[in-house]
Peer 1: 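I'd like to ask some things about the structure below.
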Amino acid sequence: MKKILMKLNNVVLVVAILLSCFSFPITVKAATYSVNVLDSSGVVEQLGTFTNYSEAETKMLAYPSNENKTAAIYKDGKIVSARYAIVRFYTETGNLYLYKGENDSNAYTYTNPNYGVEAAFIDYNGGSRVKLMLSGFIGWADLSRLDVVPLPLLQANTLTPQYTDIRVRDDADTSGNIIGHLTVYNTYAYYDKVTNDGYTWYKISYDDGYGWVADNGKWYNFSVGTTMQTYYNPYTSGNLIHYYKSLWGQYFTNLGPKPSYLNIGTRYYSFDGNYFYTSLTKMLDDYRTGTYKNALNANDPFYAYYLYLSNHSTTNYTASDLDNIIIKAGFTSGVTPGIKYYDIENHKFLVDVSGKSVMYGTGKDFIEVGNSYGINAFSAFSTALNESDDGTSEIAFAKFNIFGLGANDSDPMGGAHSYATVKDSIIEFAELTGSKYSNPNGSLFFGSFYGNKGSGMNVKYASDPYWGEKQAMDYYLNDNKYGLQDFNSNTLG
């Protein structure tokens, strides 16, 4: 054994001599992933660096994370995973496709992030997508279109760069060393700010530590620290209110009577509207394991009546009831086919439309078409009220289109279909919802109810993840206003 060691030592000596005679560029591959513990002030502790994602994930999961201090994984300065986190989408970037499988090429559904900014983070496997839950949908979305935000950072102030190549320096000074660049539309937490060299400098959490970025007053969008803005809160009326964050602020939908086990005034968390939690960490634990064992109603899922009511159900409202709803809304007349009410090219009304609604006197059309196509006429009527602003929208007057059929986010008026009469618009809506979206053998069928991004017409009908809830809200509010004639009159399947 001693002779072998001597030979090995001689080999090492020879190699060392040879290396000293030549100059080789030696490249040391830096660690790809770093695991850090975060609280609301940023990086608290680094747990290690790894070139293999599974090792980094094992380290992250071994740390006893909670809502106030949680372990997260960084890749090239960007958080890609955390034990407890939500997802914040980049807004104003077009539709985002959502996939059932991590490597699927065909999307299951899609969403416009402007309408719903937040989702629940579930998992990341080292690829280009993250697993999440949004409006009942569980699946994968491109990491490049979102931020993974650990729960502690929800309480931090953030800045989002609107331009590329913003420099990150090691000091709040233009002479400081450049340690990286910000990624446009990524959201970064900041913890301090100072004024120097004519700029306001912000201290941000960057890569494995901190860095400083300058602001000239127009480079960023800022957000003041807050808690998650997507939650449910039973109102004093006994109705279940769903709050959610959009590009334009916080909005809500009214889902009708709450289930008995939810208390008025208590905040509940859910990203499917079926199972509810008072603890974010318990909710995220369940989502990660694919169970609902920690939910308050683990054995009693809630299905909001109007949201899951079949489109093929019946209504107790009559044609005169529908006409009276329009009259009571303050409208005194309708429209006449053949008259041009709106100039599309010049974006102006050609006729005084005060007191007019294109839905005035159409009650019989809704009932007749509903009976012909086997759809709920009052449900269709409520959708039209919402989509056309009670029959007064520009698209309604310009094209007699009361459902926004064909309209898209980039060019609503240009894409919207034109009709000779309002009834023709009702017929196309009935054909879509009563046939194409309700045919179990069709590509658009995910359940013949309003639903969400997991099931129902909302899967393919609209980019707004809460479109179904908005239609259900209009149905409920109108039904409630006129005596709840339809509530619980049909059985949910």
Side-chain angles (χ1 to χ4, degrees), residues 112 115 253 306-307 309-313 315 317 319 322-323 325-326 329 331 334-335 337 341-342 344 353 356-439 444-446 448-451 456-478:
N112 186 320
Y115 294 112
T253 55
Y306 298 91
L307 188 62
L309 179 64
S310 171
N311 187 46
H312 294 302
S313 59
T315 180
Y317 287 88
L322 305 188
D323 287 338
I325 289 174
I326 295 296
F331 299 105
V335 294
Y341 288 88
Y342 187 81
I344 296 175
V353 295
K356 290 183 181 293
S357 166
V358 303
M359 292 180 65
Y360 184 90
T362 60
K364 67 180 186 308
D365 296 328
F366 278 97
I367 297 299
E368 289 176 3
V369 173
N371 289 338
S372 296
Y373 287 87
I375 69 168
N376 187 310
F378 193 69
S379 175
F381 180 79
S382 297
T383 296
L385 289 175
N386 176 50
E387 295 288 352
S388 70
D389 194 15
D390 293 348
T392 65
S393 69
E394 294 178 350
I395 291 177
F397 277 106
K399 299 186 172 184
F400 295 159
N401 184 338
I402 58 175
F403 295 96
L405 296 170
N408 55 67
D409 294 324
S410 60
D411 184 13
M413 180 64 79
H417 300 168
S418 295
Y419 303 95
T421 67
V422 174
K423 185 175 182 179
D424 291 331
S425 174
I426 301 173
I427 290 173
E428 182 172 350
F429 179 78
E431 289 176 341
L432 282 172
T433 60
S435 179
K436 292 183 180 179
Y437 281 88
S438 297
N439 179 0
L444 298 177
F445 179 79
F446 293 86
S448 57
F449 47 89
Y450 287 137
M457 289 188 288
N458 200 169
V459 172
K460 295 292 187 181
Y461 190 92
S463 60
D464 182 349
Y466 304 118
W467 172 85
E469 292 188 12
K470 293 172 182 175
Q471 312 316 308
M473 176 173 68
D474 279 313
Y475 194 157
Y476 165 67
L477 292 177
N478 284 295

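Heavy-atom basis, side chains included; hydrogens, waters and symmetry copies ignored.
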Peer 1: Work out which heavy atom in Ala430 is nearest to a heavy atom in Val369; give both atom names and the distance.
Peer 2: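 Closest heavy-atom pair between Ala430 and Val369: CB-CG1, 3.5 Å.
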
Peer 1: Ignoring hydrogens and geometry, is there a side-chain-to-backbone donor-acceptor pair from Ser393 to Asp389 under 3.5 Å?
Peer 2: no

Peer 1: What closest approach, in Å, do Ile367 and Ala377 show between heavy atoms, and which atom pair accounts for it?
Peer 2: CD1-CB, 3.8 Å

Peer 1: Please report the closest heavy-atom contact between Gly434 and Asn311, naming both atoms and the distance.
Peer 2: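 Shortest heavy-atom separation between Gly434 and Asn311 comes out as N-ND2, 3.8 Å.
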
Peer 1: Is Gln471 reaching over with its side chain to a backbone N or O of Trp467, donor-acceptor style, under 3.5 angstrom?
Peer 2: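 Present.
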
Peer 1: Rounded to the nearest 0.5 Å, what separates atom NZ in Lys470 from atom CG in Leu307?
Peer 2: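 Between atom NZ of Lys470 and atom CG of Leu307 there are 13.0 Å.
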
Peer 1: If we ignore angles and hydrogens, is there a donor and acceptor under 3.5 Å between the side chains of Ser313 and Asn376?
Peer 2: yes

Peer 1: Can you tell me if Tyr450 and Thr383 form a side-chain donor-acceptor pair at under 3.5 Å?
Peer 2: yes

Peer 1: Out of Asp474, Asp464, Thr253, which one pairs with Glu469 under the side chain to side chain contact (heavy atoms under 4.5 Å, CB included) rule?
Peer 2: Thr253

Peer 1: After noting the C-alpha distance and the side-chain angles of Tyr342 and Phe397, does the key distance pass the ring pair (Phe, Tyr, Trp, His ring centres under 6.0 Å) rule?
Peer 2: CA-CA 6 Å; Tyr342 187 81; Phe397 277 106; 8.6 Å; no

Peer 1: Indicate yes or no: at least one non-hydrogen side-chain atom of Asp365 is less than 4.5 angstrom from one of Thr362.
Peer 2: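 A side-chain contact under 4.5 Å exists here.
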
Peer 1: Kindly indicate whether the side chain of Pro412, heavy atoms from C-beta on, has any atom under 4.5 Å from the side chain of Ile395.
Peer 2: yes

Peer 1: Go through the steps for Asn439 and Leu444 under the test side chain to side chain contact (heavy atoms under 4.5 Å, CB included), then give the verdict.
Peer 2: CA-CA 8 Å; Asn439 179 0; Leu444 298 177; over 6 Å; no

Peer 1: Indicate yes or no: at least one non-hydrogen side-chain atom of Met359 is less than 4.5 angstrom from one of Phe381.
Peer 2: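 Yes, side chains in contact.
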
Peer 1: Between OG of Ser357 and CD1 of Ile325, what distance do you get to the nearest 0.5 Å?
Peer 2: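 It is 12.0 Å, given to the nearest 0.5 Å.
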
Peer 1: Could you go through the side chain to side chain contact (heavy atoms under 4.5 Å, CB included) check for Asp323 and Ile326 one step at a time?
Peer 2: CA-CA 5 Å; Asp323 287 338; Ile326 295 296; 5.9 Å; no

Peer 1: Looking at every non-hydrogen atom in both residues, tell me the closest pair between Ser388 and Gly391 and how far apart they are.
Peer 2: OG-N, 2.8 Å

Peer 1: Name every donor-acceptor pair, under 3.5 Å, that has one atom in a side chain of residues 398-408 and the other anywhere in the protein, sequence neighbours excluded.
Peer 2:
unit_1, atom_1, unit_2, atom_2, d
Lys399, NZ, Met413, O, 2.6
Lys399, NZ, Ala416, O, 2.8
Asn401, OD1, Phe403, N, 3.1
Asn401, OD1, Gly404, N, 2.9
Asn401, OD1, Leu405, N, 3.2
Asn401, ND2, Leu405, O, 2.9
Asn401, ND2, His417, O, 3.1
Asn408, OD1, Ser410, N, 3.2
Asn408, OD1, Ser410, OG, 2.9
Asn408, OD1, Asp411, N, 2.6

Peer 1: Would you compute the distance between atom CG of Leu385 and atom OG1 of Thr392 and round it to the nearest 0.5 angstrom?
Peer 2: 10.0 Å

Peer 1: Is any side-chain heavy atom of Tyr373 closer than 4.5 Å to a side-chain heavy atom of Ser435?
Peer 2: no

Peer 1: Go through the structure and list residues passing ring pair (Phe, Tyr, Trp, His ring centres under 6.0 Å) with Tyr466, not counting sequence neighbours.
Peer 2: His242, Tyr244

Peer 1: Just wondering, do Phe446 and Lys460 contact through their side chains at under 4.5 Å, heavy atoms?
Peer 2: yes

Peer 1: Below 6.0 angstrom between ring centroids: does that apply to Phe331 and Tyr360?
Peer 2: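 Centroid separation for Phe331 and Tyr360: 6.0 Å or greater.
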
Peer 1: Taking the six-membered ring for Trp and the full ring for Phe, Tyr or His, determine whether the centres of Phe378 and Tyr475 are under 6.0 Å apart.
Peer 2: yes

Peer 1: Of all residues at least two apart in sequence or in a different chain, which pass the salt bridge (Lys or Arg N to Asp or Glu O under 4.0 Å) check with Lys436?
Peer 2: none

Peer 1: Drop me the distance from Tyr419's OH to Ile427's CD1, to the nearest 0.5 angstrom.
Peer 2: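 Reported value, rounded in 0.5 Å steps: 10.0 Å.
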
Peer 1: With heavy-atom distances below 4.5 Å as the criterion, would you say the side chains of Tyr437 and Phe445 are in contact?
Peer 2: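 With C-beta onward as the side chain, the pair stays apart.
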
Peer 1: With a 4.5 Å cut-off on side-chain heavy atoms, are Ser310 and Phe449 touching?
Peer 2: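 They are not in side-chain contact.
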
Peer 1: Can you check whether His312 reaches Ser438 side chain to side chain, under 4.5 Å on heavy atoms?
Peer 2: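 Counting from C-beta outward, His312 and Ser438 do come under 4.5 Å.
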
Peer 1: Report the distance from atom OH of Tyr306 to atom OG of Ser382, rounding to the nearest 0.5 Å.
Peer 2: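 Interatomic distance, Tyr306 OH to Ser382 OG, rounded to 0.5 Å: 9.5 Å.
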
